[in-house]
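In what follows, chains are A, B, ... by sequence order, proteins preceding strands, each numbered from 1.
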Amino acid sequence: MKMRANLWIGGGFFALAVTAALLAPVLATHDPVLGADLMRSEEPPGREFWFGSDTQGRDIWSRVVYGARISLTVGVVSQLINSVIGTVLGITAGYWGGWWDDLVSGLTNIMLAIPSLIFALAIMAILGPGLFSLLIALGLTNWTFTCRIARAQAMALKSQGYVQAAKVMGSGDLSIMLRELLPNMAGPLIVIATLGMGGSILAEAALSFLGLGIQPPFPSWGSMLSDARDNIRAVPWLAAFPGLAIFFTVLGLNLLGDGLRDILDPQSRSRLP
Amino acid sequence: MMVEVATEPLLTVDNLAVHFAQGGGLFGGGARVLRAVDGVSLTVRSGECVGLVGESGCGKSTLASAIVGLQAPTSGRIVIDGIPLRSGTTDRMRLARTVQMVFQDPYASLNPRRRVGELLAAPLRLHAMGDGKEIGRRVADMLRRVGLRPEHANRYPHEFSGGQRQRIGIARALILEPKLIICDEPVSALDVSIRAQIINLLVELTDSLGVATLMISHDLSVVEHMCDRVAVMYLGRIVESGPWQRIFERPSHPYTRALMAAIPDPFKPIVGRRAVASGDVPNPLTPPLGCAFHPRCPEAMAQCRQAPGPELAAIEPGHTTACWVAQRALIAS
């Protein structure tokens, strides 16, 4: 029996973030938005404020816990959009080939030539700030890697005997893509999706840091970092705790991706007697 | 033996050609044509087993792909059970119920992510052959017929040996009750020790189910065990065909003789059996002028090196050969 340490540690970090998001009202000790108390601003971590308080006297612990809701929603939903777009485009391009493949490959190359954060910025500028705009902007800009992997896998797998066998059986293209190709490329796609979730959380932080994401006073880890940047030397806990939250969540997702890849490969499972 | 009434054969391949454009620049310049299959005609009657032999790269597998509809032919005609095969418009579902294929590599031809039971049930479900219970019964029955146990249905392909996997491949090909199965080198990826088992299983199943077989192999000894008729293919063309006794007892084409000599036989001395054909198969992009076999043929004459090459001609009833030497010998006698 293998230890699968990466799966458990990664899953643990991610589960911690999910728990924080789900149980935010229980875990928070103060109101994250309205609990401002200018008399007690920028207090260091202590008994009252576990993670210290920010410039407006709000509890950073409570804000980090509530911020998990935004960060995880953005990470999961926008990566889901990316995965669906990338997989659908990639698998059809790889399997059908021809002009459709040329079109998809061209589009992918164009997307890769545009820095995705800049593109997301442009979309945010059109849609205006907010959670929904964030989901759309990040969901439309990071599907290229999924697409490339799905396309390459489809091209490699479509000449496999079992795909030919399915054709000889009379299976349609849709059935072949869903039943023969997709399960056999799920491993790398899931790894990319978990890594992408981490990337989306970072991108949300960046956009919120630039003031285009979640608007104050609502907490997201990115916007908290943004607030902290003016006096990061004097009051380091302002930046440290949301930063650590991002770090451990993204690290957890990356480890989880590796772990999932291992167990999703049936050939690595122990043989039955 | 019963005399066959002259009915329409189950499979008719008529002057089939499959060409591939090779290379070629951005503007199509410099493209060459690889004639993988170049004017092959072949028939398989129902219940019959026909062997197709030839070296690697002679076009056997391309021919098989064309017959099951995986490869669009460049020209020629394929008729299976009265259905003419046309690229694009062919009714794949109907074709699937008539012709199935056993693949060469049992490791690549079974989806590693699906359990054996699902692999066998999927075609039945696709073709709506029975409800859940009926499908389960058919799967269990077919597993038993190929020498596996019904409880193997819950396992993944990687839990089986190569021979067992090929049994699963055979089960999958037969589960739709086709009239013809194409076996594309079904044992060449297997250990020598289990080849005979798989061949015997194929013979037994096709006989009991009355399924016609097109047995493709580079190994004449495999074909010898199960086929009624044999066709020998070289560089995209059939060079000799006939009933298996004739081919094995009196091979007329030098290439067939070379293949026969390649069958290991413990009762023949090794000396003097090797040098029947020397060298390699020529590059199919630039086939030799005249008879394609002449560079390797120990009997080649001047005529063999000139275009046009020999065409198939009958040297006795049912036995045809494409060799000037053999045809000339017949005229002389």
Side-chain angles (χ1 to χ4, degrees), chain A residues 2 87 91 94-102 105-106 149-150 152-191 260-273, chain B residues 61 64-65 67-71 90-115 118-128 151-152 154-161 165-166 168-169 172-173 175-176 178 180-182 184-185 189:
Chain A
K2 278 195 331 192
T87 306
I91 211 166
Y95 184 68
W96 283 327
W99 66 269
W100 176 243
D101 184 29
D102 293 342
S105 300
I149 297 287
Q153 290 276 327
M155 287 171 78
L157 294 176
K158 74 176 174 185
S159 60
Q160 288 281 328
Y162 57 84
V163 177
Q164 310 241 313
K167 279 191 203 166
V168 175
M169 288 297 161
S171 297
D173 286 357
L174 188 69
S175 157
I176 287 175
M177 285 184 225
L178 284 178
R179 299 213 178 111
E180 314 291 336
L181 299 180
L182 193 58
N184 284 293
M185 59 171 79
L189 293 185
I190 284 172
V191 175
L260 283 175
R261 181 182 46 197
D262 293 344
I263 61 162
L264 281 171
D265 186 0
Q267 281 166 37
S268 68
R269 277 184 218 160
S270 56
R271 281 174 180 239
L272 298 172
Chain B
S61 295
S65 303
I67 293 170
V68 295
L70 289 174
Q71 179 69 54
T90 307
D91 185 352
R92 282 257 280 267
M93 295 290 273
R94 193 166 154 208
L95 185 65
R97 298 279 292 263
T98 313
V99 55
Q100 277 300 328
M101 190 154 172
V102 176
F103 290 86
Q104 174 172 12
D105 184 356
Y107 292 88
S109 63
L110 303 175
N111 188 339
R113 306 256 162 199
R114 301 181 85 179
R115 290 171 203 272
E118 298 165 35
L119 285 170
L120 296 182
L124 292 174
R125 235 177 266 130
L126 185 69
H127 292 265
E151 57 266 32
H152 283 139
N154 291 321
R155 298 198 188 167
Y156 284 98
H158 69 88
E159 295 171 41
F160 294 92
S161 69
R165 283 164 169 248
Q166 198 57 296
I168 298 165
R172 177 177 59 184
I175 204 156
L176 285 176
L180 169 69
I181 55 170
I182 316 262
D184 185 6
E185 303 260 13

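Using non-hydrogen atoms only and a strict 4.5 Å limit, the part of residues 118-127 of chain B facing chain A consists of P123(B), L126(B), H127(B).
Between A108(B) and Q160(A), the shortest heavy-atom contact is CB-OE1, 3.5 Å. Residues Y162(A) and P112(B) approach most closely at CE2-CD, 3.6 Å, considering heavy atoms.
Only the backbone of V99(B) has a heavy atom closer than 4.5 Å to any heavy atom of chain A. The parts of N111(B) that come within reach of chain A are both its backbone and its side chain, each placing non-hydrogen atoms under 4.5 angstrom from that chain. For R94(B), no part lies under 4.5 angstrom from a heavy atom of chain A.
Checked for salt-bridge contact, E180(A) and R114(B) meet the test: a charged N lies under 4.0 Å from a carboxylate O.
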Give every donor-acceptor pair under 3.5 Å between a side-chain atom in residues 164-172 of chain A and any protein atom, sequence neighbours left out.
from    : atom 1 : to      : atom 2 : distance (Å)
S171(A) : OG     : A166(A) : O      : 3.2

